[in-house]
Peer 1: 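Below are the structure tokens for one structure; questions will follow.
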Amino acid sequence: MSDAATPGEFELIRRYFMQDVEHACSSDHVSPSQARAGIVLGQGDDCALLSPSPGRRLAVSVDTSLADVHFPRDASAEAIGHRALAVNLSDLAAMGARPRWFVLALTLPDVDEQWLEGFARGLYGLAREHDIALVGGDITRGQELSITITVHGEVDDDSAITRHGARPGDLLAVTGTLGSAHGGLRAWFNGQRDERHPLVAAYLRPAPRIKEAMSIQQRVSAGLDISDGLLADLGHLCARSGVGACLDATALPLDQALVASLGEHEALEAALNGGDDYELLLALDPEQEDAVRQALETLGGALHVIGRVTSEPGISGVASTGRGWQHFHAADHGTGASP
Ligand code: ADP
Ligand code: MG
């Protein structure tokens, strides 16, 4: 960032990534709303000083998003900002955690202020929706656009949703349609550039299930967010819980737009292996089904039961050859991965 005409690192931070710091230049670096958010000292010093709620546990997670690996570089800057935070928030949702603070490490190939403004708009828009504050970060110049976000959330003692609590007999359920994001990515590759197209929007602007997870965390035995594809993530849940699963392929919730776009067979394959959906996959005692469904529907969401947890290991009920997403896997071919 040495070009005299372009703003330097500090000016970029001040312009785009200190939007909630009302008194950044005074000695009082914390606004009243920040104080409420537990920020003792915000941006502008070497570290942020944060004050977690007494008696609660911190949930911490980090994800990197790379241009043309995790998102198409020609997507709008606003969508890229939204998505980079959304995939991190989804990890908090997967634990039932309440979002509190995040830090952002950005590597930029060049300084494009119009791009930065759009990126910040997408980022802050989602941050405000979920009440999470940007408290620090870093900006560097590098060859490829890279966005690393670390999120911090809070959970009550012993109420985090983990992957290890699923029991044989539990229902398996998801909070929304599957495969739509994969359909959106395929549509993007086929030239669809309308970001409001329902499938493209599912891919570029996932909605992390934060409120949903917080409202049901006491009622589910296990859960995680579906980032790598249903089969891959169900495999993680089963491995951690020491159980197996039987799926009902006819019960998988598919968006009509996905079936129309890919046909039934490929839509099902996308639902099983597509990835990037960021819905929650939950295991719950059948006695909890009605209460969980009601809690989700109150929030405008849904519960789709798609199978059961079994004591026999392995996943039965669906025929699929895919293995979901893994970096470094032989099938790794660029955009379409989840972090
Ligand atoms: P240092 O050199 O001590 O690491 P920096 O000069 O990188 O500090 O950053 C100055 C301040 O601005 C720090 O408080 C830092 O957390 C914040 N900051 C830097 N980059 C970002 C960013 N991309 N988003 C939010 N805050 C940032
Ligand atoms: Mg720094």
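Each ligand, and each atom within it, is numbered from 1 in the order the structure gives. Residue numbers run from 1 in the order of the sequence given.
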Peer 1: Which of the atoms of ligand 1 are close to Asp46, meaning less than 4.0 Å from one of its heavy atoms?
Peer 2: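 Result: 3 (O).
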Peer 1: Kindly indicate whether a cation-pi arrangement holds for Arg83 with Tyr203, taking the cut-offs as under 6.0 Å to the six-membered ring centre and within 45° of the axis.
Peer 2: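 Pair Arg83/Tyr203 counts as cation-pi.
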Peer 1: Cluster question for you: counting only ILVMFWY and a side-chain heavy-atom cut-off of under 4.5 Å, with indirect links fine, are Leu171 and Val243 together?
Peer 2: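 In one cluster with Leu171: Val243, no.
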Peer 1: Find all atoms of ligand 1 within a distance of less than 4.0 Å from any non-hydrogen atom belonging to Asp45, and give their numbers and elements.
Peer 2: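 Counting from 1, the qualifying ligand atoms are 13 (C), 14 (O).
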Peer 1: Provide the number and element of each atom of ligand 1 under 4.0 Å from a heavy atom of Gln43.
Peer 2: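 So the answer, numbered in order with elements, is 14 (O), 25 (C), 26 (N).
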Peer 1: Purely on distance, is any nitrogen or oxygen of Gly44 under 3.5 Å from one on ligand 1?
Peer 2: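 Yes - when backbone and side-chain N and O of Gly44 are compared with those of ligand 1, one distance drops under 3.5 Å.
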Peer 1: Are Arg308 and Asp248 ion-paired here, with the side-chain N under 4.0 Å from a carboxylate O?
Peer 2: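 No salt bridge links Arg308 with Asp248.
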Peer 1: Counting neighbours of CD on Glu297 that are heavy atoms of other residues, nucleotides or ligands and sit closer than 6.0 Å, is the number greater than 12?
Peer 2: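 Above 12, so yes.
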Peer 1: Any idea which atoms of ligand 1 are less than 4.0 Å away from a heavy-atom of Phe10?
Peer 2: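 Taking each heavy atom of Phe10 in turn, ligand 1 has 6 (O) under 4.0 Å.
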Peer 1: Do any heavy atoms of Leu134 fall under 4.0 Å from ligand 1?
Peer 2: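 Contact present.
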Peer 1: Taking atom types as modelled, find out whether Glu212 and Thr175 have a side-chain donor-acceptor pair closer than 3.5 angstrom.
Peer 2: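 Result is no, nothing qualifies.
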Peer 1: What atoms of ligand 1 come closer than 4.0 angstrom to any heavy atom of Gly136?
Peer 2: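 This gives 16 (O), 24 (N), 25 (C), 26 (N), 27 (C) as the contact atoms.
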Peer 1: Heavy-atom contacts under 4.0 Å between Leu106 and ligand 1: side chain, backbone, both, or neither?
Peer 2: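 The answer is neither.
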Peer 1: For atom CZ of Arg57, decide whether the heavy atoms of other residues, nucleotides or ligands shown that lie under 6.0 angstrom number more than 12.
Peer 2: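 Count over threshold, so yes.
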Peer 1: Same cluster or not: Leu92 versus Val220, using hydrophobic residues (I, L, V, M, F, W, Y) connected whenever any side-chain heavy atoms lie under 4.5 Å apart?
Peer 2: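 No.
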Peer 1: If we only consider heavy atoms of Tyr16, is any one of them less than 4.0 Å away from an atom in ligand 1?
Peer 2: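 No heavy atom of Tyr16 comes that close to ligand 1.
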Peer 1: When you measure from atom 19 (C) of ligand 1 to each heavy atom in Gly137, Ala120, Ala105, which option holds the nearest one?
Peer 2: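 When every heavy atom of Gly137, Ala120, Ala105 is considered, Gly137 comes closest to atom 19 (C) of ligand 1.
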